[in-house]
Q: 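Following this message is one structure expressed as structure tokens.
Small disclaimer: the values here were computed from a predicted structure and weren't measured. Convention: sequence-line order gives letters A, B, ...; per-chain numbering from 1.
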2 protein chains.
Amino acid sequence: MNKPDKPSADQRLRYMYESIRQRIGMLHYPPGMMINEMQLANEFGVSRTPLRRVLQQLSYEGLVEIRNGVGTRVTDIDMKTFKDIYDLRILLAETMGSLSPNWVTDRHRKKLDEMIERARDLREKKNIDGYANLSNDLEALICDLIGSKPAREMTDLLYYQVARIWCSFLPNLDWDGVIGETLEELKGLSDALASSDVGTFGKVRATYLRLMLKKVSRYISSD
Amino acid sequence: MNKPDKPSADQRLRYMYESIRQRIGMLHYPPGMMINEMQLANEFGVSRTPLRRVLQQLSYEGLVEIRNGVGTRVTDIDMKTFKDIYDLRILLAETMGSLSPNWVTDRHRKKLDEMIERARDLREKKNIDGYANLSNDLEALICDLIGSKPAREMTDLLYYQVARIWCSFLPNLDWDGVIGETLEELKGLSDALASSDVGTFGKVRATYLRLMLKKVSRYISSD
DNA sequence: GCAGCGCAATCTATATACAGCTATAATGCA
DNA sequence: TGCATTATAGCTGTATATAGATTGCGCTGC
């Protein structure tokens, strides 16, 4: 039959988790915002119990902070942690080739080519959410090339911890410059995939992670 | 006054978390063992709700697996993941010096010297639990030298994911050889601390992580 | 005016009853 | 006897009421 069954508990939890994580990543829930458990639970049509389970995971991942008697708020990131996370991401990217990489498939290459198209469209028209979505999809592609499960999970975690901070700087940066470099990165990554070279892929990625960190650092050093 | 107040919710959760994690790490809860929520909750004198919160965190960390309608069981680790985790640990150890290290204090040096004494005692008398405790304490010391919060958390996480597997091999390995190499490692680490050189400290650590992986690999390759 | 205390509002933490899922054993039919 | 189906026991998932923590406001007394 395969009728549209009610989703399983795991699926429901996963849906709530990804929804909230995306809202935080896209700054729809900006740092400092208080999250009301009852209200969110009602929105998802569940009780507080499963919603709290999701919030606890997000808390463990550092995206929200739960304080007894006070509330749950979206976290901010201090600049030292921001840089520390970037350093780790760069390290993980540089070693992608040696930490049991996955096989490159045509699906990867096709997805990446689609992203290049999307980046070209973004060059014409500034669109922060569009950039954030592109960024998310690229990260998913990268994780798909990491064969080491712990390295993959770590890479994903670190990305979502800083994605929103990066997004918050985006409006202040030179849009054409950012998109231009993103396009260059995507092309470089595409070339690496063409020769199925995950090692080079990671090194290209690392280069642009450094570049983006440097770009943001200018705005931070004045803190 | 500072009377012995009832511990806070966070403290109670932390206590349960660390208790269970230690039991898993020391193989008192071996891989495959089923954990009964109600029974454990009773043991800690709480209801299922806070206990489940702890189990969910352990599940997120990969130490237990929760399956709806079935139960919660201590996970096992396949050999690929085991090696992947070791590769990451080695990578993190090697870069300890460059990822914002903490300052070395006399407290660190003193603790390490105490560990050398404990290792000497273990050489006389084989004691798996004693070795596991020493190993845990060394890992805590190492984490204390990591200034990068994300790197520290990751290092800790990876350690506890493989500690029990390592412990399960310990009875099959040559005790004198293992203790001898552990002593050498501790002395090497102590020398690095003497000159406050976290970079060398990490490189020594990486060397012995490789050695231990190699030692265990012999038993695994036959799988 | 102000300092300190206490109350109330609001949030998270916990206990508990119940619903839903899964694996297994029992049962009935071919 | 063998297989499919169904009952059932035992587990996790969810809803909800209550307890506990924290903050801020307002009252009171000096």
Q: Can you sort out the partners of B:Tyr17 under ring pair (Phe, Tyr, Trp, His ring centres under 6.0 Å), two or more places apart, ordered by chain and number?
A: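 Partners of B:Tyr17 by the ring pair (Phe, Tyr, Trp, His ring centres under 6.0 Å) criterion come out as none, since no residue qualifies.
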Q: side-chain contact (heavy atoms from CB on, under 4.5 Å) with B:Lys111: which residues, sequence neighbours excluded?
A: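 So B:Lys111 forms a side-chain contact (heavy atoms from CB on, under 4.5 Å) with B:Arg107, B:Leu141.
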Q: Using five pairs at each end of the helix from C:dG1-D:dC30 to C:dA30-D:dT1 to define an axis, what is the angle between those two axes, to 10°?
A: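 Comparing the first five pairs with the last five, the axes sit 20° apart.
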Q: Mind checking side chain to side chain donor-acceptor pair (under 3.5 Å) for B:Tyr86 and listing every partner two or more places apart, or none if nothing turns up?
A: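 With sequence neighbours excluded, B:Tyr86 shows a side chain to side chain donor-acceptor pair (under 3.5 Å) to no residue whatsoever.
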Q: Please name all residues satisfying side chain to side chain donor-acceptor pair (under 3.5 Å) with A:Tyr160, sequence neighbours left out, ordered by chain then number.
A: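 None.
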Q: Pairs of donor and acceptor atoms involving the side chains of residues 162-173 of chain A, under 3.5 Å and at least two apart or interchain, shall be tabulated with distances.
A:
| from | atom 1 | to | atom 2 | distance (Å) |
| --- | --- | --- | --- | --- |
| A:Arg164 | NH1 | A:Thr75 | O | 2.7 |
| A:Arg164 | NH2 | A:Thr75 | OG1 | 3.0 |
| A:Ser168 | OG | A:Ile165 | O | 2.6 |

Q: Students should find this one: the first and last nucleotides of DNA chain C, 5' to 3', lying under 4.0 Å from a heavy atom of chain A. What are they?
A: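 Going 5' to 3' along DNA chain C, contacts run C:dC11 to C:dT14.
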Q: Tell me, for nucleotides 6-17 of chain D in 5' to 3' order, what letter each nucleotide earns: B for a base near a protein heavy atom under 4.0 Å, S for only sugar-phosphate near one, - for neither?
A: ----BBBBBBB-
Q: With salt bridge (Lys or Arg N to Asp or Glu O under 4.0 Å) as the rule and sequence neighbours excluded, what pairs involving residues 147-159 of chain A come up?
A: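 Sorted result for residues 147-159 of chain A: A:Arg21-A:Asp156.
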Q: For A:Met38, which residues count as a side-chain contact (heavy atoms from CB on, under 4.5 Å) partner, sequence neighbours excluded?
A: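 A:Met38: side-chain contact (heavy atoms from CB on, under 4.5 Å) contacts with A:Asn36, A:Asn42, A:Arg48.
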Q: Residues in side-chain contact (heavy atoms from CB on, under 4.5 Å) with B:Tyr15, at least two apart?
A: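 B:Tyr15 satisfies side-chain contact (heavy atoms from CB on, under 4.5 Å) with B:Ser19, B:Phe44 once adjacent residues are dropped.
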Q: Quick one about B:Asp84 and B:Thr81 (side-chain donor to acceptor, distance below 3.5 Å, no hydrogens or angles considered), yes or no?
A: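 No donor-acceptor contact under 3.5 Å links the two side chains.
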Q: Excluding sequence neighbours, so at least two apart, what forms side-chain contact (heavy atoms from CB on, under 4.5 Å) with A:Gln22?
A: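 Testing A:Gln22 for side-chain contact (heavy atoms from CB on, under 4.5 Å), a comparison that skips the adjacent residues, returns A:Met26, A:Asn133.
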